[in-house]
Structure formats: C-alpha cells, structure tokens
J.: 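Sharing a structure below in structure tokens format, with a few things to ask.
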Amino acid sequence: MDVRELKKIVEIMNQNDLAELEIEEEGRRIRLKKAGVEPVMAAPAPMAMPAAMAVPAVAPVPGAAAEAAPAADDGLQTISAPMVGTFYRSPSPDADAYVQGGSKVGAESVVCILEAMKVMNEIKAECNGEIVKVCVENGEAVEYGQPLFLVKPA
Amino acid sequence: MTANDSESLTRFLSEFRIYPQGLDPESLAQRTGLDPADLLPLRRRLEEDGFGFAEDYEGRWVLETHPNRLYGYWVQAGLRCDRLGCQVYYKDEVASTQDIAFELMVEGRPHGTLVVAEHQTGGRGRQDRAWHSTPHECLLFSLLLDLEPPETFASVLTIATATALARSIQDIAGVPARIKFPNDILVRGKKVAGVLLEVRDYGVPRRAVAGIGVNVNQLVDAFPDDLKEIATSLRMERRDQEPVRRSRLLRYTLRELEKWLERIAAGEFSDLENAWNRFSGMEGREVSFRCGNEDVEGRINVASVKDGLLVRMTGGGERQFRLEHITQFLYRDEEST
C-alpha cells in the first residue's frame with residue numbers, strides 16, 4: 001500500500017478531529033484509530049489502498065446522538081455530551097469524581113456535570129457497564145455530541 | 001376538580017377578562033357554550049376560591065375582585081398561547097417547581113406544560129442557593145420545553161426566557177429591566193428575577209425545564225438583611241409601590257416566550273438578538289470570564305444568540321466563544337467598583 005496515501009488520511013483525521021476512520025471500497029477495508037487504549041492502527045481487512053477515495057463521505061464530526069451509541073468494532077459504547085457546556089467530573093471541586101476508569105455504571109448513574117448558563121446539569125450514563133476511558137479533562141469546554149466516556153457494556 | 005370543571009371555569013372567566021363591564025347570564029351561556037343551569041354553580045365555585053361577583057342594575061354579572069392565587073384555570077383564562085400553559089399544575093407549596101416539572105416530563109407531558117407554585121421551600125438559584133420565597137408574593141413557575149435548537153438549546157432557551165421575562169417586567173410592572181448575563185434580571189442594579197434552564201434526565205421524551213422566579217410583591221421587610229442590598233421586588237421598584245398582578249405577569253411572559261420560541265423554530269434569530277441586546281447591553285463592554293480552563297479578557301464586539309460572543313481580546317485578535325462555555329462572567333468596570 002501507498003504510505004503517502006496513508007499519511008494523507010491521517011492528516012484528514014487530524015484536521016477533522018476524528019479519532020477513528022474506517023474506509024471500505026471494493027471489498028477492501030481499512031480502519032485507522034488514533035492513539036489511546038487501542039493500537040495506533042488496526043487493519044483487520046486485507047490491506048491495499050484503493051487509489052481514489054471518497055473522502056468527503058467520512059468528514060462529519062462526532063454524532064448528533066446524545067445517548068450512548070455503539071462505537072465501531074471494539075464493542076465499546078460512548079457517552080456523548082447531550083449539550084454544550086463545561087465538563088466537571090465531581091459535584092464540587094473538593095469532592096471525589098463521580099466515576100473513573102474501572103467504575104461500574106448503570107443507566108441512572110451520574111457520570112459528570114455539564115455546566116451551561118450557570119446551571120449544573122447532572123449527566124447520566126444511560127447504559128450499563130464499566131468506564132474504560134474518561135475522554136475529557138476536568139473543567140474543559142465540551143461541544144454537543146463530543147465523546148465524554150467510553151464504556152465497556154456489561 | 002376534574003379537567004372538565006377546570007375547562008369550564010376557564011371559559012367562564014375568560015369572558016370576564018374580555019368584558020370587564022360585565023355580562024348577563026344569557027350572553028355568558030351563549031358565548032361560552034355552557035349550560036345556563038351550570039352558570040350559578042360555577043359562579044359559586046369561583047366565589048369559594050375568592051373571586052368576587054357583583055350584579056349591576058341590568059342584571060349583568062361583574063367580576064369585581066379576584067384572589068391573589070395562580071389557579072390553573074385562572075392562568076389559562078385569556079391566555080393567548082397555543083402551547084405554553086396548555087397544561088397547568090398548580091401547587092400551594094412545593095420544594096421546587098423544577099422537581100415537579102421533571103416528574104411530569106417523565107410522565108410524557110407535552111412541551112409547554114406549566115407548573116406554578118405559591119410558595120417554594122427548596123427553590124434552587126445560583127449555586128443551589130435557595131430562592132427566597134414568601135407565599136403569594138413571588139411568581140414561581142417551571143415550563144417543559146422542547147430542546148430546540150438541539151445543539152444550543154441551553155443558551156437559546158435561556159436567552160429567550162430571560163428576554164420574555166424582562167419585557168414582561170417592563171410592560172406589566174412599568175419598571176426598567178436589565179438582563180445580567182446569563183440568567184438574572186435586575187432592576188436598578190438589584191436582582192428581581194432569575195431564570196434556570198436545566199436538564200436532568202435524558203429518558204424519552206427529552207425536554208428541558210425552564211425555571212423562573214420573580215420577586216413580585218414583597219416589601220423590604222420580607223428580605224433577610226443579607227439580601228436587602230442586592231435583591232428587590234417589582235413592587236418596591238414601582239413609583240406608586242402598588243402590588244403587581246402576578247397572573248398578568250405570568251400570562252404576558254408566556255405569550256412573549258411563545259412568540260420567541262416560534263421564531264426560533266423558524267430559524268429567525270435577529271429580532272430576539274436585538275431585544276436581548278437591548279436588555280443586556282453587553283456589546284461594547286469590557287469583560288472577563290472563563291472558557292473551559294482558560295481565562296479570557298477583552299471587549300464584546302458582538303453578542304449573538306446563535307454564535308455566542310465575539311470578543312476583541314485584550315492580548316490582540318478576535319475570538320468567538322459559545323455562550324454555554326462562559327463561566328465566571330464579569331464586567332470589568334463593575335468588578336473594580
């Protein structure tokens with residue numbers, strides 16, 4: 001496969017803030033995933049880059065889905081931000097975080113607070129499982145639909 | 001009281017809002033479609049609730065007095081809204097109207113469902129500070145609202161609600177209202193009302209609850225000492241110190257808000273933006289705030305409902321900030337005084 005093509009795809013991923021990208025064409029599949037818990041690159045399908053690629057088709061940023069949506073192949077679920085706001089991991093600065101890596105959550109578990117327009121909104125997991133990753137730093141500004149946690153379903 | 005009774009009472013009372021000079025029973029029956037035999041029992045029922053009727057020399061019934069209560073059927077009488085206030089839940093005393101509204105959301109109540117309370121014992125304000133409520137003197141209500149627009153409902157609905165409330169305060173009470181970003185209403189520098197746009201549970205159907213608290217008719221002694229310097233009531237700010245009718249303030253606010261929500265749904269933001277800016281006076285002000293983990297200082301060039309604040313940064317350059325991302329907002333000229 002062509003390394004330059006691959007570099008180009010990585011660039012596109014960076015520009016669009018994509019954590020993961022999967023392209024399928026003519027029966028060949030390539031999946032790229034940025035550093036995290038997972039390997040940098042996973043290519044389960046036979047390797048070979050198609051020459052012409054339909055790049056725009058993969059451009060949109062994280063989903064509009066506010067509920068936990070199944071992530072690609074790794075079987076993890078994402079808890080996404082249901083609103084724009086400031087992300088807090090605990091109810092107050094000196095309190096313990098609601099959850100961390102390894103915490104078990106149920107649908108009704110509060111996982112974080114999103115502050116918007118001076119109101120502290122408690123956000124619930126809405127899925128059952130175990131938190132495997134906290135995607136956002138405490139106090140960070142988050143966008144609508146931005147992944148906040150990755151959950152391994154129970 | 002059944003829903004039917006409530007509807008009859010609303011129809012009955014609506015006519016007296018249209019005809020303050022009174023109506024004879026025959027016309028009343030005709031106009032409302034109510035059975036003539038039901039009119040007297042309905043009137044008696046209203047008299048029990050504190051409404052006072054008189055009869056003039058031509059046999060017309062005249063609504064002379066009404067109680068200082070926000071009964072659902074009374075709020076709905078003459079309410080010029082299609083959706084806001086379509087269902088009204090009236091409570092004498094509650095911990096928080098927000099709690100009740102969220103329970104109603106879980107039951108699947110529609111957009112526009114209204115919860116009104118005469119007194120709130122655990123009302124939430126900024127940083128969970130209790131809204132200081134005295135029975136029958138505050139206007140306390142919560143509204144179930146659709147998440148519209150879905151991406152930026154928190155800022156847009158807060159602004160629409162605050163703008164509707166500021167207009168209502170100005171028009172009904174006749175006092176100058178100012179919006180203090182993001183969610184307070186001030187009269188002559190003192191807080192008179194607040195808006196909270198809250199989400200709690202994302203069970204279907206997803207809705208936000210707007211909570212509104214207004215100090216309407218308290219006199220100065222009703223406020224604890226630590227609030228006297230920073231809070232006030234509409235009545236205290238009126239030249240004649242006369243009480244303000246809470247039912248009028250509520251209906252007018254709902255009508256104003258419904259108007260803004262219709263425009264928002266149609267993607268029209270410019271009128272709301274202009275009205276909001278007139279009440280907030282943010283543009284051109286020197287401000288400081290936090291955005292995420294960053295401290296920001298500069299001058300507001302444009303305050304947009306949809307796009308947020310366009311800030312000329314103190315360090316040079318211009319940047320855009322979403323309204324939802326702004327915390328610890330201060331005017332720098334006020335901070336120094």
Side-chain angles (χ1 to χ4, degrees), chain A residues 60-69 77-95 98 105-128 134-146 148-149 151, chain B residues 98 102 106 124-129 147 149-162 179-184 194-204 206-211 289-296 305-308 319-329:
Chain A
V61 240
E67 71 269 19
Q77 286 195 309
T78 308
I79 301 175
S80 310
M83 65 195 298
V84 180
T86 307
F87 174 85
Y88 298 113
R89 292 190 59 187
S90 59
S92 63
D94 42 359
Y98 287 110
V105 294
E108 290 293 300
S109 312
V110 175
V111 288
C112 66
I113 280 179
L114 289 180
E115 178 184 5
M117 310 303 276
K118 276 204 172 155
V119 178
M120 302 294 178
N121 301 284
E122 290 183 344
I123 305 303
K124 291 179 179 173
E126 290 191 72
C127 61
N128 290 298
V134 184
C135 312
V136 182
E137 292 290 317
N138 191 53
E140 215 174 283
V142 299
E143 296 294 335
Y144 176 72
Q146 183 175 335
L148 305 176
F149 301 92
V151 178
Chain B
Q98 294 289 93
F102 278 110
V106 172
R124 298 211 307 159
R126 189 152 53 117
Q127 279 121 36
D128 273 352
R129 185 178 183 162
L147 303 180
E151 301 84 5
T152 54
F153 67 86
S155 58
V156 172
L157 294 180
T158 301
I159 287 168
T161 308
I179 295 175
K180 187 185 174 214
F181 181 83
N183 57 355
D184 288 339
V195 172
L196 296 175
L197 201 286
E198 190 181 359
V199 291
R200 267 190 215 175
D201 196 306
Y202 284 90
V204 177
R206 292 155 190 238
R207 291 209 166 86
V209 175
F289 56 85
R290 274 177 82 78
C291 171
N293 287 316
E294 183 192 356
D295 287 311
V296 176
V305 176
K306 249 172 43 182
D307 306 322
R319 278 176 61 190
Q320 191 89 39
F321 297 92
R322 280 193 190 283
L323 300 177
E324 284 96 337
H325 286 159
I326 293 169
T327 58
Q328 299 175 34
F329 181 89

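Keep in mind that what you see is a predicted model, and the values were worked out from it rather than measured. Chain A is the first sequence line, chain B the second, and so forth, proteins listed ahead of strands; every chain is numbered from 1.
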J.: With a 4.5 angstrom heavy-atom cut-off, which part of B/Leu323 approaches chain A: side chain, backbone, both or neither?
T.: both
J.: Could you check if a side-chain atom of A/Val84 sits within less than 4.5 angstrom of a side-chain atom of B/His325, using non-hydrogen atoms only?
T.: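 Contact flag for A/Val84/B/His325 side chains = yes.
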J.: Please state whether the side chain, the backbone, both or neither of A/Val110 comes within less than 4.5 Å of a heavy atom of chain B.
T.: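 Neither part.
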J.: Excluding sequence neighbours, so at least two apart, what forms ring pair (Phe, Tyr, Trp, His ring centres under 6.0 Å) with A/Tyr88?
T.: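 With neighbours one apart ignored, the set is empty.
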J.: Could you work out, with salt bridge (Lys or Arg N to Asp or Glu O under 4.0 Å) as the rule, every residue matching B/Arg322, not counting sequence neighbours?
T.: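 Testing B/Arg322 for salt bridge (Lys or Arg N to Asp or Glu O under 4.0 Å), a comparison that skips the adjacent residues, returns A/Glu143.
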J.: Between B/Thr327 and A/Thr86, what is the shortest heavy-atom contact and its length?
T.: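 Answer, listing the atom of B/Thr327 first, then A/Thr86: CG2-OG1, 3.9 Å.
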J.: State, with a plain yes or no, whether a side-chain heavy atom of A/Lys118 is found less than 4.5 Å away from one of B/Asn183.
T.: yes
J.: Which bit of B/Ser155 comes within less than 4.5 Å of chain A, counting heavy atoms only: side chain, backbone, both or neither?
T.: both
J.: Strictly distance-based, threshold 3.5 Å: is any side-chain N or O of B/Asn293 a donor or acceptor partner for the main-chain N or O of A/Asn138?
T.: yes
J.: In terms of heavy-atom pairs under 4.5 Å, which option from A/Ala116, A/Gly139, A/Ser92 contacts chain B the most?
T.: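 Going by pairs under 4.5 Å, I would pick A/Gly139.
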J.: Select, from A/Glu115, A/Met117, A/Glu137, A/Glu140, the one with the greatest count of heavy-atom pairs under 4.5 Å involving chain B.
T.: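 Most pairs with chain B among the choices: A/Met117.
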J.: Hey, does the side chain of A/Asn121 reach the backbone of B/Val199 with a donor-acceptor pair shorter than 3.5 angstrom?
T.: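 A pair under 3.5 Å: yes.
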J.: Based on non-hydrogen pairs under 4.5 Å, which of B/Ile159, B/Thr158, B/Val195 is most in contact with chain A?
T.: B/Thr158
